[in-house]
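Accompanying notes for the structure given below.
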Amino acid sequence: MDNPCSSLDKRLQLNLNDHILGKADDIYRRYLKKSTTKNRQLSNHQQLIPLFCIDLACDLNLENLPRKDHLVKTHGSTTKKYTELLSLFVKFIDFIKAPVTLEQLTTKYGLPNILNDAKRLLNKLENNGATQMDDCTVTALFFLVTKAYGAPISQPLLLSHANTVNEVFTNIIKDLDVTLKEDLKILSEKSGAQRRKSLRSNKKVSDEVEQPKNKKSRVEVDEEVEAEGEDNEDDKEEEEGLGRTQQFPIREERKISGINAMQSVYFDIYKTKEYKEYLQWKDQMLKFIDEKELQRQADSDESD
């Protein structure tokens, strides 16, 4: 008989890899061992248990749960209620999550280019010693940096990393926004200048593509077609249409992940050197986190 987590994956066609499903199954078995002690709140939301397990497994693998908002709604819950119940579930099964790091967050949300700035601001907070460096603070700082870069991740989505309630998370964000006001302003101006430079660069490429050199104008194409003495007007229109298509080829638009939602009609970012380097960096980061998690578990077993 399939584990409920694997069954949920098949039923909803999430297409999760075996590594994530294996972790989800382990978490579910941990829940079964604890379920002899009844928890009224969790007992009233049994349909969410497999989803909790998969969500935590995705988090451990630095992946986002596919279609999370939709799944939460179809399971009869809201984002706020789901986050509260997930926190309760984590405590109920004594699930020890590794401390949240900026490396984890930037990897999970595909924003490696903001890591250096985020770490610099975190070091500043640590040196000032005015703020407690916990999961909530790190997550709040990550949110503010993504906002300064013009690509904020939604607070409800980040709340599960903060390991606190929404009110506390919101207050920490406000406090850090005041403390780092000048730094965030400079960061926003810098990232804005980078975006404007990128737009100018893309416009230059656009102009070159839309007005290619050594290409005949539409008038020249039309004159050549007319000079051929085509008697059939339909054939003539077809030739003109062909000339326009060859001169101004239609390019497929493709959405690209990264800072801000973008569309590129001039190149495929998935074939660029930068994207390949990002994939290599993410793979190394996942291996590093797995090694640290194994070492933490080994140290925990020795202490027991």
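Of all heavy-atom pairs spanning Asp25 and Cys5, the tightest one is OD1-CB, 3.6 Å. For the pair Ala140 and Leu176, the tightest heavy-atom approach, listed with the atom from each and the gap, is CB-CD1, 3.8 Å. Minimum heavy-atom separation, Leu21 to Leu16: CD1-O, 3.8 Å. Here the shortest heavy-atom pairing between Ala148 and Leu187 reads CB-CD2, 4.0 Å.
Rounded to the nearest 0.5 Å, atoms CG (Leu51) and CG (Leu8) are 6.0 Å apart. Here CD1 of Ile93 is found 9.0 Å from NZ of Lys34. Values are rounded to the nearest 0.5 Å. To the nearest 0.5 Å, atom CG of residue Leu60 and atom CD1 of residue Ile27 are 5.5 Å apart. Of the inter-residue distances, the one linking Ser188 atom OG with Leu144 atom CG reads 11.5 Å to the nearest 0.5 angstrom.
For residues 68-84, the set of pairs meeting the side-chain hydrogen bond (donor to acceptor under 3.5 Å, both in side chains) definition, not counting sequence neighbours, comprises Asp55-Lys68, Asp55-Tyr82. For residues 101-114, every residue pair satisfying the salt bridge (charged side-chain N to carboxylate O under 4.0 Å, His left out) rule, not counting sequence neighbours, is listed here: Asp59-Lys108, Glu103-Lys119. Listed by first and then second residue, the ring-ring contact (aromatic ring centres under 6.0 Å, His included) pairs involving residues 106-129 are Tyr109-Phe142, Tyr109-His161 (not counting sequence neighbours).
By the 4.5 Å heavy-atom criterion applied to side chains, Phe52 and Tyr31 are not counted as neighbours. Looking at heavy atoms from C-beta onward, Leu105 lies out of side-chain contact with Leu111 at the 4.5 angstrom threshold. By the 4.5 Å heavy-atom criterion applied to side chains, Phe89 and Cys53 are counted as neighbours. For the pair Thr164/Ile172, no side-chain contact is recorded, criterion being any heavy-atom separation below 4.5 Å from C-beta on. Residues Trp281 and Thr107 meet the side-chain proximity criterion, which asks for heavy atoms closer than 4.5 Å. Taking 4.5 Å as the limit, some side-chain heavy atom of Leu121 sits within range of a side-chain heavy atom of Leu184. No side-chain heavy atom of Val72 sits under 4.5 Å from any side-chain heavy atom of Leu48. Looking only at side-chain heavy atoms (C-beta outward), Asn171 and Val168 stay at 4.5 Å or farther from each other.
Looking at residues two or more places apart in sequence or on another chain, you find a side-chain contact (heavy atoms from CB on, under 4.5 Å) between Ala118 and Leu102, Val145. Residues that satisfy the side chain to side chain donor-acceptor pair (under 3.5 Å) test with Asn166, not counting sequence neighbours, are absent from this structure. Scored by the side-chain contact (heavy atoms from CB on, under 4.5 Å) test, Ile289 finds Leu62, Gln104, Met285 as partners (sequence neighbours excluded). Here Lys185 pairs with Glu182, Glu189 under the side-chain contact (heavy atoms from CB on, under 4.5 Å) rule; sequence neighbours left out. Not counting sequence neighbours, Asp175 has no partner by the side-chain contact (heavy atoms from CB on, under 4.5 Å) test. Looking at residues two or more places apart in sequence or on another chain, you find no salt bridge (charged side-chain N to carboxylate O under 4.0 Å, His left out) involving Lys276. With sequence neighbours excluded, the residues forming a side chain to side chain donor-acceptor pair (under 3.5 Å) with Arg29 are Asp26, listed by chain and number. When the salt bridge (charged side-chain N to carboxylate O under 4.0 Å, His left out) test is applied to Lys147, no partner is found at least two apart in sequence or on another chain. Checked against salt bridge (charged side-chain N to carboxylate O under 4.0 Å, His left out), Arg67 has no partners two or more places apart in sequence or in another chain.
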Query - Trace of the salt bridge (charged side-chain N to carboxylate O under 4.0 Å, His left out) decision for Asp177 with Lys174 - result: CA-CA 5 Å; Asp177 197 16; Lys174 291 179 179 178; over 6 Å; no
Query raised in the report: Would Phe169 and Phe143 count as a ring pair (Phe, Tyr, Trp, His ring centres under 6.0 Å) if you check the C-alpha gap in whole Å, the side-chain angles of each, and the deciding distance to 0.1 Å?
Result: CA-CA 11 Å; Phe169 186 46; Phe143 169 77; 7.1 Å; no
Query raised in the report: What's the verdict on side-chain hydrogen bond (donor to acceptor under 3.5 Å, both in side chains) for Asp117 and Tyr149, showing C-alpha distance, side-chain angles and the deciding distance?
Result: CA-CA 10 Å; Asp117 285 322; Tyr149 265 81; 2.5 Å; yes
Report task. Take Leu180 and Asp183 through the test side-chain contact (heavy atoms from CB on, under 4.5 Å) and record every step on the way to the result. Result -> CA-CA 5 Å; Leu180 300 171; Asp183 297 273; 4.2 Å; yes
Report task. Applying side-chain contact (heavy atoms from CB on, under 4.5 Å), run through Asp134 and Val100 and close with a yes or a no. Result -> CA-CA 8 Å; Asp134 55 13; Val100 173; over 6 Å; no
**Report entry** side-chain contact (heavy atoms from CB on, under 4.5 Å) between His19 and Lys23, worked out
**Finding:** CA-CA 6 Å; His19 184 62; Lys23 288 185 176 181; 3.3 Å; yes
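When hydrophobic clusters are built by joining Ile, Leu, Val, Met, Phe, Trp and Tyr residues whose side-chain heavy atoms come closer than 4.5 Å, directly or via intermediates, Leu141 is not grouped with Ile186. With hydrophobic clusters built from ILVMFWY side chains whose heavy atoms lie under 4.5 angstrom apart, Leu279 shares a cluster with Leu115. Both Leu32 and Leu88 are members of a single hydrophobic cluster when ILVMFWY side chains are connected at heavy-atom separations under 4.5 Å.
Using a cutoff of 4.0 Å between basic side-chain nitrogens and carboxylate oxygens, Lys282 and Glu277 are not scored as salt-bridged.
Heavy-atom neighbours of Gln46 CD from other residues, nucleotides or ligands within 6.0 Å: above the threshold of 12. Other residues, nucleotides and ligands contribute at most 12 non-hydrogen atoms within 6.0 Å of the CG atom of Asp18.
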